[in-house]
Amino acid sequence: MTRNISRTSILAIFAFLLIIMGFCRPLDGNSEPEVSHVTEAERDVMTAVCTENSSWTTRSLEMKPGVKYAQPSTQKGRTDVNSVTNWNAPLVWEGTFDPVVIDAIYKKMDPRIAVVVFAVGKYTRFLKGFLESGEKYFFVDFRVTYYVFTDNEKEVPHINLGKGRKILVVSVPSANRWQDVVLGRMKWATICIDKQIRDEADYLFMMDIDSIFHNRFGAESLSQLSVVLHRGYYKSTKRADFPYERRPLSKAYIPLDEGDYYYTAAVWGGYLEDMYKLVKYCYMQSEEDAKNKIEAVWQEESHLNRYLLYNKPTKVLSPEYLWSDYDRVPSDIKVVRISQLVKNYKEVRPNGGR
């Protein structure tokens, strides 16, 4: 019997021993396993194995026998919209998935879903509608935790929650400008994910509280990193006309001749660790802008779009996943799953809506 052991086998054994010895830990956007005196190739193996064993990944797409659903077709489907991006990621619309099938797959995995919302100042008035409608339509029969970040715990309403669902309140300071509330979301979410949510969730969604669920918002939205097309720019807007940050001094800068889509920052989600990396990125880039005395034109949404241009999302959700009560619903939007409410911005925003 040969005594020769391949280099790949040695590296695999080395990585396995590191896991057993506790060297692997969740990785944020900048960290690597703290092991010295290793080669670059060995570090690559360690990072890959550690990442695989310390963060949620979608396992095999299994479902129980006996689930009844319509036979899928290779010839019929939505023909009025594009259902795949040019990097071959799904672009999700009503009619491009079977809710029975996808729920059967993901309920078997039993993921923990975290939702982070900020209700600061007068925005606490939107909590009741968001939470009550979420209990009707958002990941029904899944484990869900709503993390409510607020400066007024007393105004968090009591809501009847389904089995395996809960509300956790996180106290944050008040703000004098709505822009500071928006930018503060990235700071406080980064801190809370790192200290608490990381141990309590597999997927995380960032969502705006001034919204109401109207229809199913479920497992079809799950992926490593899922984002929503902004309703105002998804049809015929040329990339040069997207409201990207165009000033080169900003960390959110995107040149006129670059861009895929324009994404909203009001709904986005994904694997916990991937979301942590992105939330922290938006926070750190905003901090760098502040040092240079500049604020991105649409705050964290500008930094989000910059990141997603060069780090493609694994799933793009149609504007069904965030419409607005201000706008007429066009024919290609077959169902509005969640929409932003009409409100008096001058009245609800701390600096009068400016």
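At a threshold of 4.0 Å, the pair K280-D194 does not count as salt-bridged, since none of the basic side-chain nitrogens sits closer than that to a carboxylate oxygen. Looking at K187 and E287, no side-chain N of the basic residue comes within less than 4.0 Å of a carboxylate O on the acidic one, giving no salt bridge.
Considering only residues two or more places apart in sequence or on other chains, V297 meets the side chain to side chain contact (heavy atoms under 4.5 Å, CB included) condition with E245, S302. Under the side chain to side chain contact (heavy atoms under 4.5 Å, CB included) criterion, Y147 pairs with A114, V116, T145, F149, L168, Q196, I197, E200, not counting sequence neighbours. Legend: residues meeting side chain to side chain contact (heavy atoms under 4.5 Å, CB included) with T314, ordered by chain and number and at least two apart, are S223, Q224, L225. The side chain to side chain contact (heavy atoms under 4.5 Å, CB included) test applied to I294 returns R247, L249, S250, D289, N292, not counting sequence neighbours. Remark: D199 engages no residue in a side chain to side chain donor-acceptor pair (under 3.5 Å) (not counting sequence neighbours).
A salt bridge (Lys or Arg N to Asp or Glu O under 4.0 Å) check over residues 138-150, counting only residues at least two apart or in different chains, returns the pairs K107-D141, D110-R143.
Ring centroid separation for the pair Y234 and Y261 does not come in under the 6.0 Å cut-off. Taking the six-membered ring where the residue is Trp, the centroids of Y262 and Y233 are separated by under 6.0 Å.
Using modelled atom types, one finds no donor on one side chain facing an acceptor on the other under 3.5 Å when comparing S73 with Q75.
Side-chain contact between T58 and M109 is present, with at least one heavy-atom pair separated by less than 4.5 Å.
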